[in-house]
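Structure first, then comments.
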Protein chains: 2
Amino acid sequence: MTKTTRSRSTRQKTAIIAALVEADQFCSAQNLHARLQGYGERVGLTTVYRCLQGLTETGELDAIVASDGRTLYARCGQGAGHHHHLICRQCGASKPVMAAAVESWCAHLATQHGFTEVTHSFEVFGICPQCSMPTAAAT
Amino acid sequence: MTKTTRSRSTRQKTAIIAALVEADQFCSAQNLHARLQGYGERVGLTTVYRCLQGLTETGELDAIVASDGRTLYARCGQGAGHHHHLICRQCGASKPVMAAAVESWCAHLATQHGFTEVTHSFEVFGICPQCSMPTAAAT
DNA sequence: ATATCTGCAAAGACTTTGCAACCTT
DNA sequence: AAGGTTGCAAAGTCTTTGCAGATAT
(Lines give C-alpha, C1' and ligand atoms only; values in the text may rest on other atoms or scores of the structure.)
Protein backbone atom coordinates (compact mmCIF):
# COMPACT_ATOMS: atom_id res chain seq x y z
CA MET A 1 0.00 0.00 0.00
CA THR A 2 2.68 2.46 -0.87
CA LYS A 3 0.71 3.72 -3.85
CA THR A 4 -0.44 7.28 -3.30
CA THR A 5 -3.18 7.17 -5.95
CA ARG A 6 -2.85 10.85 -6.66
CA SER A 7 -5.39 12.68 -8.72
CA ARG A 8 -4.62 13.77 -12.25
CA SER A 9 -5.07 17.18 -13.71
CA THR A 10 -7.50 17.05 -16.59
CA ARG A 11 -9.31 19.50 -18.80
CA GLN A 12 -12.66 18.51 -17.30
CA LYS A 13 -11.61 18.92 -13.69
CA THR A 14 -10.13 22.31 -14.42
CA ALA A 15 -13.24 23.43 -16.28
CA ILE A 16 -15.53 22.28 -13.51
CA ILE A 17 -13.68 24.19 -10.84
CA ALA A 18 -13.46 27.25 -13.07
CA ALA A 19 -17.20 27.17 -13.73
CA LEU A 20 -17.91 26.85 -10.04
CA VAL A 21 -15.67 29.78 -9.22
CA GLU A 22 -17.28 31.80 -11.98
CA ALA A 23 -20.75 30.95 -10.69
CA ASP A 24 -19.75 32.08 -7.19
CA GLN A 25 -22.69 30.29 -5.62
CA PHE A 26 -23.92 26.86 -4.68
CA CYS A 27 -24.68 24.85 -7.79
CA SER A 28 -26.10 21.39 -8.37
CA ALA A 29 -24.23 18.95 -10.59
CA GLN A 30 -26.78 19.39 -13.34
CA ASN A 31 -26.77 23.14 -13.07
CA LEU A 32 -23.01 23.16 -13.34
CA HIS A 33 -23.15 20.81 -16.29
CA ALA A 34 -25.46 23.23 -18.06
CA ARG A 35 -23.15 26.14 -17.29
CA LEU A 36 -20.23 24.24 -18.75
CA GLN A 37 -22.15 23.61 -21.93
CA GLY A 38 -22.95 27.30 -22.03
CA TYR A 39 -19.23 28.02 -21.91
CA GLY A 40 -18.74 25.63 -24.79
CA GLU A 41 -16.98 23.11 -22.58
CA ARG A 42 -17.71 19.52 -23.49
CA VAL A 43 -17.88 17.62 -20.20
CA GLY A 44 -20.07 14.62 -19.47
CA LEU A 45 -22.68 14.85 -16.77
CA THR A 46 -21.29 11.73 -15.17
CA THR A 47 -17.89 13.33 -14.99
CA VAL A 48 -19.36 16.38 -13.32
CA TYR A 49 -20.98 14.21 -10.68
CA ARG A 50 -17.81 12.26 -10.11
CA CYS A 51 -15.51 15.25 -9.98
CA LEU A 52 -17.72 17.18 -7.60
CA GLN A 53 -17.82 14.23 -5.25
CA GLY A 54 -14.11 13.69 -5.47
CA LEU A 55 -13.23 17.32 -4.98
CA THR A 56 -15.54 17.49 -1.99
CA GLU A 57 -13.84 14.55 -0.34
CA THR A 58 -10.53 16.26 -0.91
CA GLY A 59 -11.87 19.34 0.79
CA GLU A 60 -11.45 21.49 -2.29
CA LEU A 61 -15.18 22.07 -2.49
CA ASP A 62 -17.98 22.53 0.02
CA ALA A 63 -21.20 20.59 -0.36
CA ILE A 64 -24.59 21.10 1.21
CA VAL A 65 -27.83 19.21 0.78
CA ALA A 66 -30.68 21.48 -0.24
CA SER A 67 -34.15 21.07 1.20
CA ASP A 68 -35.26 19.33 -1.97
CA GLY A 69 -32.61 16.69 -1.50
CA ARG A 70 -30.23 17.82 -4.20
CA THR A 71 -26.57 18.23 -3.33
CA LEU A 72 -25.14 21.67 -4.04
CA TYR A 73 -21.47 22.52 -4.38
CA ALA A 74 -19.40 25.66 -4.04
CA ARG A 75 -15.75 26.59 -3.70
CA CYS A 76 -14.93 28.79 -0.75
CA GLY A 77 -11.17 28.53 -0.84
CA GLN A 78 -9.40 25.39 0.28
CA GLY A 79 -7.50 26.94 3.14
CA ALA A 80 -10.66 28.03 4.91
CA GLY A 81 -11.06 24.93 7.04
CA HIS A 82 -14.30 24.25 8.83
CA HIS A 83 -16.92 26.91 8.26
CA HIS A 84 -20.58 27.43 7.42
CA HIS A 85 -22.50 29.60 4.99
CA LEU A 86 -24.87 32.49 4.79
CA ILE A 87 -26.78 31.81 1.61
CA CYS A 88 -29.15 34.00 -0.35
CA ARG A 89 -32.32 32.09 -1.03
CA GLN A 90 -32.97 34.28 -4.07
CA CYS A 91 -29.74 34.55 -6.02
CA GLY A 92 -27.85 31.69 -4.41
CA ALA A 93 -24.81 33.75 -3.53
CA SER A 94 -23.07 32.56 -0.40
CA LYS A 95 -20.69 33.96 2.16
CA PRO A 96 -18.53 31.68 4.22
CA VAL A 97 -18.85 32.39 7.92
CA MET A 98 -16.95 31.16 10.92
CA ALA A 99 -19.12 30.25 13.86
CA ALA A 100 -16.89 29.52 16.79
CA ALA A 101 -19.77 30.08 19.18
CA VAL A 102 -21.90 27.49 17.44
CA GLU A 103 -19.04 25.04 17.27
CA SER A 104 -18.39 25.19 20.97
CA TRP A 105 -22.10 25.15 21.74
CA CYS A 106 -22.38 21.91 19.78
CA ALA A 107 -19.45 20.36 21.53
CA HIS A 108 -20.93 21.32 24.87
CA LEU A 109 -24.36 19.98 23.99
CA ALA A 110 -22.93 16.71 22.77
CA THR A 111 -20.84 16.19 25.86
CA GLN A 112 -23.79 16.97 28.04
CA HIS A 113 -25.75 14.14 26.44
CA GLY A 114 -22.86 11.74 26.24
CA PHE A 115 -22.66 11.83 22.47
CA THR A 116 -19.36 11.22 20.74
CA GLU A 117 -18.01 11.70 17.25
CA VAL A 118 -20.08 14.82 16.90
CA THR A 119 -20.66 16.57 13.62
CA HIS A 120 -23.27 19.09 12.64
CA SER A 121 -25.03 20.63 9.71
CA PHE A 122 -25.58 24.34 9.90
CA GLU A 123 -26.40 26.81 7.17
CA VAL A 124 -28.13 30.16 7.34
CA PHE A 125 -30.49 31.22 4.59
CA GLY A 126 -31.98 34.61 3.85
CA ILE A 127 -32.42 37.28 1.24
CA CYS A 128 -29.28 39.29 0.58
CA PRO A 129 -29.19 43.11 0.43
CA GLN A 130 -29.10 43.17 -3.38
CA CYS A 131 -32.12 40.93 -3.73
CA SER A 132 -34.16 42.64 -1.05
CA MET A 133 -33.69 46.06 -2.60
CA PRO A 134 -36.58 46.29 -5.10
CA THR A 135 -35.76 49.89 -5.99
CA ALA A 136 -32.36 49.19 -7.43
CA ALA A 137 -33.09 45.78 -8.87
CA ALA A 138 -34.70 47.02 -12.08
CA THR A 139 -31.84 46.07 -14.38
CA MET B 1 -62.74 31.53 0.30
CA THR B 2 -64.91 30.57 3.22
CA LYS B 3 -64.07 26.92 2.77
CA THR B 4 -61.78 25.71 5.52
CA THR B 5 -60.71 22.53 3.73
CA ARG B 6 -60.04 20.76 6.96
CA SER B 7 -58.19 17.46 7.05
CA ARG B 8 -60.05 14.25 7.68
CA SER B 9 -59.17 11.65 10.25
CA THR B 10 -58.42 8.36 8.60
CA ARG B 11 -57.12 5.00 9.63
CA GLN B 12 -53.97 5.53 7.58
CA LYS B 13 -53.12 8.90 9.02
CA THR B 14 -53.59 7.59 12.54
CA ALA B 15 -51.47 4.54 11.85
CA ILE B 16 -48.68 6.61 10.36
CA ILE B 17 -48.43 8.91 13.34
CA ALA B 18 -48.63 5.99 15.73
CA ALA B 19 -45.82 4.21 13.91
CA LEU B 20 -43.69 7.32 14.00
CA VAL B 21 -44.26 7.76 17.71
CA GLU B 22 -43.48 4.12 18.28
CA ALA B 23 -40.29 4.39 16.26
CA ASP B 24 -39.18 7.39 18.32
CA GLN B 25 -36.60 8.41 15.76
CA PHE B 26 -36.26 10.04 12.37
CA CYS B 27 -37.64 7.74 9.70
CA SER B 28 -37.83 7.95 5.95
CA ALA B 29 -41.14 7.44 4.22
CA GLN B 30 -40.08 4.05 2.99
CA ASN B 31 -38.76 2.98 6.34
CA LEU B 32 -42.03 3.98 7.95
CA HIS B 33 -43.98 2.16 5.28
CA ALA B 34 -42.04 -0.98 6.08
CA ARG B 35 -42.71 -0.56 9.79
CA LEU B 36 -46.41 -0.22 9.11
CA GLN B 37 -46.40 -3.42 7.14
CA GLY B 38 -44.61 -5.05 10.01
CA TYR B 39 -47.43 -3.95 12.29
CA GLY B 40 -49.87 -5.52 9.87
CA GLU B 41 -51.19 -2.12 8.81
CA ARG B 42 -52.10 -1.95 5.18
CA VAL B 43 -51.13 1.55 4.03
CA GLY B 44 -49.93 2.48 0.58
CA LEU B 45 -46.48 3.92 0.14
CA THR B 46 -47.94 6.85 -1.72
CA THR B 47 -50.19 7.59 1.19
CA VAL B 48 -47.25 7.53 3.55
CA TYR B 49 -45.43 10.06 1.42
CA ARG B 50 -48.46 12.29 1.17
CA CYS B 51 -49.36 12.13 4.83
CA LEU B 52 -45.86 12.83 6.02
CA GLN B 53 -45.68 15.88 3.80
CA GLY B 54 -49.05 17.12 4.89
CA LEU B 55 -48.40 16.59 8.57
CA THR B 56 -45.09 18.38 8.28
CA GLU B 57 -46.72 21.40 6.72
CA THR B 58 -49.19 21.42 9.57
CA GLY B 59 -46.33 21.41 12.01
CA GLU B 60 -47.35 18.10 13.51
CA LEU B 61 -44.13 16.51 12.36
CA ASP B 62 -40.54 17.63 12.01
CA ALA B 63 -38.64 16.90 8.84
CA ILE B 64 -34.93 16.98 8.10
CA VAL B 65 -33.03 16.19 4.95
CA ALA B 66 -30.35 13.58 5.53
CA SER B 67 -26.93 13.87 3.93
CA ASP B 68 -27.96 11.30 1.32
CA GLY B 69 -30.82 13.50 0.24
CA ARG B 70 -33.65 11.50 1.77
CA THR B 71 -36.20 13.32 3.88
CA LEU B 72 -36.62 11.99 7.39
CA TYR B 73 -39.56 12.61 9.67
CA ALA B 74 -40.12 12.50 13.41
CA ARG B 75 -42.71 13.68 15.87
CA CYS B 76 -41.33 15.79 18.69
CA GLY B 77 -44.58 17.05 20.12
CA GLN B 78 -46.54 19.72 18.35
CA GLY B 79 -46.33 22.28 21.12
CA ALA B 80 -42.57 22.36 21.01
CA GLY B 81 -42.24 25.22 18.57
CA HIS B 82 -38.94 25.97 16.91
CA HIS B 83 -36.18 23.60 17.92
CA HIS B 84 -33.36 21.51 16.58
CA HIS B 85 -32.15 17.97 17.12
CA LEU B 86 -29.32 15.96 18.50
CA ILE B 87 -29.41 12.79 16.43
CA CYS B 88 -27.61 9.50 16.86
CA ARG B 89 -25.97 8.56 13.61
CA GLN B 90 -26.08 4.93 14.61
CA CYS B 91 -29.54 4.18 15.98
CA GLY B 92 -31.32 7.25 14.71
CA ALA B 93 -32.70 8.25 18.07
CA SER B 94 -33.13 11.99 18.43
CA LYS B 95 -33.47 14.50 21.21
CA PRO B 96 -35.08 17.84 20.59
CA VAL B 97 -32.89 20.70 21.76
CA MET B 98 -33.49 24.39 22.14
CA ALA B 99 -30.65 26.54 20.95
CA ALA B 100 -31.39 30.09 21.92
CA ALA B 101 -27.73 31.01 21.56
CA VAL B 102 -27.63 29.75 18.02
CA GLU B 103 -30.88 31.47 17.14
CA SER B 104 -29.67 34.84 18.30
CA TRP B 105 -26.29 34.30 16.73
CA CYS B 106 -28.02 33.69 13.41
CA ALA B 107 -30.14 36.77 13.73
CA HIS B 108 -27.07 38.81 14.53
CA LEU B 109 -25.08 37.41 11.65
CA ALA B 110 -27.91 38.04 9.22
CA THR B 111 -28.39 41.61 10.34
CA GLN B 112 -24.69 42.22 10.08
CA HIS B 113 -24.75 41.22 6.43
CA GLY B 114 -28.01 42.90 5.63
CA PHE B 115 -29.87 39.66 5.05
CA THR B 116 -33.60 39.49 5.69
CA GLU B 117 -36.18 36.72 6.03
CA VAL B 118 -33.59 34.60 7.73
CA THR B 119 -34.03 30.92 8.36
CA HIS B 120 -31.49 28.26 9.14
CA SER B 121 -30.89 24.55 9.11
CA PHE B 122 -29.11 23.15 12.11
CA GLU B 123 -28.86 19.60 13.35
CA VAL B 124 -26.23 17.94 15.49
CA PHE B 125 -25.19 14.37 14.80
CA GLY B 126 -23.15 11.99 16.90
CA ILE B 127 -23.08 8.57 18.49
CA CYS B 128 -25.30 8.29 21.55
CA PRO B 129 -24.17 6.76 24.88
CA GLN B 130 -25.98 3.47 24.21
CA CYS B 131 -24.41 3.01 20.82
CA SER B 132 -20.92 4.04 21.87
CA MET B 133 -20.80 1.53 24.71
CA PRO B 134 -19.46 -1.64 23.04
CA THR B 135 -19.33 -3.51 26.35
CA ALA B 136 -23.04 -3.44 27.02
CA ALA B 137 -24.27 -3.58 23.46
CA ALA B 138 -23.97 -7.34 23.11
CA THR B 139 -27.72 -8.02 23.11
C1' DA C 1 -74.12 13.66 -1.07
C1' DT C 2 -69.63 15.55 -1.70
C1' DA C 3 -65.10 16.71 -1.37
C1' DT C 4 -61.15 14.53 0.50
C1' DC C 5 -58.34 10.50 0.81
C1' DT C 6 -56.30 6.25 -0.78
C1' DG C 7 -53.47 3.26 -3.59
C1' DC C 8 -51.99 1.20 -7.81
C1' DA C 9 -49.29 1.96 -11.70
C1' DA C 10 -46.61 5.03 -14.35
C1' DA C 11 -43.81 8.90 -14.68
C1' DG C 12 -40.18 12.01 -13.14
C1' DA C 13 -35.86 13.66 -11.10
C1' DC C 14 -31.41 13.03 -9.40
C1' DT C 15 -27.52 10.12 -8.91
C1' DT C 16 -24.74 5.92 -9.49
C1' DT C 17 -22.64 2.04 -12.00
C1' DG C 18 -20.65 -0.84 -15.99
C1' DC C 19 -17.38 -0.75 -19.37
C1' DA C 20 -14.46 0.41 -23.30
C1' DA C 21 -11.81 4.08 -25.05
C1' DC C 22 -8.82 7.99 -23.68
C1' DC C 23 -5.34 10.71 -21.66
C1' DT C 24 -2.04 12.18 -17.89
C1' DT C 25 2.08 10.90 -15.67
C1' DA D 1 3.37 1.56 -20.60
C1' DA D 2 0.09 1.92 -16.55
C1' DG D 3 -3.62 3.32 -14.33
C1' DG D 4 -6.58 7.01 -13.23
C1' DT D 5 -10.27 9.44 -16.06
C1' DT D 6 -13.99 10.08 -19.19
C1' DG D 7 -18.66 9.51 -21.13
C1' DC D 8 -22.43 6.96 -23.01
C1' DA D 9 -26.05 4.11 -21.80
C1' DA D 10 -28.44 1.54 -18.48
C1' DA D 11 -29.80 0.88 -13.88
C1' DG D 12 -31.06 2.34 -9.24
C1' DT D 13 -33.46 5.21 -5.60
C1' DC D 14 -36.41 8.13 -3.82
C1' DT D 15 -40.45 10.82 -4.71
C1' DT D 16 -44.39 12.67 -7.27
C1' DT D 17 -48.46 12.47 -10.26
C1' DG D 18 -52.81 10.63 -12.71
C1' DC D 19 -56.98 8.65 -11.86
C1' DA D 20 -60.76 5.78 -10.32
C1' DG D 21 -62.70 3.81 -6.40
C1' DA D 22 -63.32 4.20 -1.27
C1' DT D 23 -64.32 7.02 2.74
C1' DA D 24 -65.14 10.67 6.32
C1' DT D 25 -68.24 14.30 7.54
Side-chain angles (χ1 to χ4, degrees), chain A residues 1-20 23 26-58 60-74 92, chain B residues 1-20 23 26-58 60-74 92:
Chain A
M1 283 55 175
T2 18
K3 298 290 281 281
T4 321
T5 305
R6 61 176 179 246
S7 117
R8 291 178 182 175
S9 153
T10 65
R11 175 179 60 78
Q12 291 86 338
K13 223 170 278 185
T14 306
I16 289 172
I17 294 180
L20 204 45
F26 276 92
C27 298
S28 66
Q30 308 217 13
N31 178 316
L32 203 51
H33 180 243
R35 286 168 184 271
L36 285 165
Q37 291 197 311
Y39 293 156
E41 286 285 351
R42 186 193 122 280
V43 180
L45 177 57
T46 304
T47 301
V48 176
Y49 272 105
R50 279 194 282 230
C51 284
L52 290 175
Q53 285 175 177
L55 292 168
T56 299
E57 284 168 18
T58 318
E60 290 175 74
L61 298 182
D62 294 317
I64 63 174
V65 180
S67 58
D68 63 355
R70 289 179 316 175
T71 300
L72 306 181
Y73 302 85
Chain B
M1 277 50 179
T2 18
K3 300 287 283 277
T4 321
T5 306
R6 60 175 180 248
S7 115
R8 291 177 182 174
S9 155
T10 65
R11 173 178 61 78
Q12 291 85 340
K13 225 169 277 186
T14 306
I16 288 172
I17 295 180
L20 204 44
F26 276 92
C27 297
S28 67
Q30 309 219 12
N31 178 317
L32 202 51
H33 179 244
R35 285 168 185 273
L36 285 165
Q37 291 197 310
Y39 294 156
E41 286 285 352
R42 187 192 122 279
V43 180
L45 177 58
T46 304
T47 300
V48 175
Y49 271 106
R50 278 195 282 231
C51 284
L52 289 175
Q53 284 177 178
L55 292 168
T56 299
E57 284 168 17
T58 320
E60 290 175 74
L61 298 182
D62 294 317
I64 63 173
V65 180
S67 58
D68 62 356
R70 290 179 315 174
T71 301
L72 307 181
Y73 302 85

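A note on names: the letters A, B, ... follow the listed sequences, proteins ahead of strands, and every chain is numbered from 1.
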**OP:** With heavy atoms under 4.0 Å as the rule, sort Thr10(B) into base, sugar-phosphate or nothing.
**Re:** sugar-phosphate
**OP:** Of all the heavy-atom pairs spanning Ala66(B) and Val65(A), show the shortest one and how long it is.
**Re:** O-CG1, 3.7 Å
Original post:
Given dT15(C), dT6(D), dC8(C), which nucleotide is nearest the side-chain atoms of Lys13(A)?
Top reply: dT6(D)
**OP:** Starting from the 5' end of DNA chain D, give me the residue, Arg8(B) or Tyr49(B), whose nearest nucleotide shows up first.
**Re:** Tyr49(B)
Original post:
Which distance, rounded to the nearest 0.5 Å, do you find between the OG1 of Thr71(A) and the CD1 of Ile64(A)?
Top reply: 9.5 Å
Subject >> Spacing between Arg50(B) atom CZ and dG7(C) atom P, to the nearest angstrom >> reply: 9 Å
Original post:
Rounded to the nearest Å, what distance is computed from the CZ atom of residue Arg70(A) to the P atom of nucleotide dA13(C)?
Top reply: 12 Å
**OP:** Measure the shortest side-chain to side-chain distance between Leu20(B) and Leu52(B) over non-hydrogen atoms and say whether it is less than 4.5 angstrom.
**Re:** yes
Subject >> Residue closer to the 5' end of DNA chain C, Ser7(B) versus Leu45(B) (nearest nucleotide) >> reply: Ser7(B)
Subject >> Touch class at under 4.0 angstrom, heavy-atom based, for Ser9(B) against every strand present >> reply: sugar-phosphate
Original post:
How is Ser28(A) classified with respect to the nucleic acid when contacts are heavy atoms under 4.0 Å: base, sugar-phosphate, or nothing?
Top reply: nothing
**OP:** Provide, to the nearest angstrom, the distance between the CZ atom belonging to Arg6(A) and the P atom belonging to dG4(D).
**Re:** 11 Å
Subject >> Arg11(A) (side chain) donor-acceptor with Val43(A) (main chain) under 3.5 angstrom >> reply: no
Original post:
How far does CD1 of Ile16(B) sit from CG of Leu55(B), to the nearest 0.5 angstrom?
Top reply: 7.5 Å
Subject >> Rounded distance in Å - CD (Gln30(B)) to C1' (dG12(D)) >> reply: 12 Å
Subject >> Atom-to-atom span, CG of Leu32(A) to P of dC14(C) - whole angstrom >> reply: 14 Å
**OP:** Output yes when at least one side-chain N/O atom of Gln12(A) is less than 4.0 Å from OP1 or OP2 of dC23(C), else no.
**Re:** no
Original post:
Quick one: Ile16(A) CD1 to dT6(D) P, roughly how many Å, whole number?
Top reply: 7 Å
Subject >> Approximate separation, where rounding is to 0.5 Å, of Phe26(A) CZ and Leu61(A) CG >> reply: 9.5 Å
Original post:
Hey, can you pull the residues of residues 33-44 of chain A with a non-hydrogen atom under 4.0 angstrom from DNA chain C?
Top reply: none
Original post:
Roughly how far, to the nearest 0.5 Å, is the OG atom of Ser7(B) from the CD atom of Glu60(B)?
Top reply: 7.0 Å
Subject >> Whole angstrom value for the distance that separates P of dT15(D) from CG of Leu52(B) >> reply: 10 Å
Original post:
Separation of Asp68(A) atom CG from dA13(C) atom P, in whole Å?
Top reply: 13 Å
Subject >> Side-chain N or O of Gln53(A) closer than 4.0 Å to phosphate OP1/OP2 of dT16(C) >> reply: yes
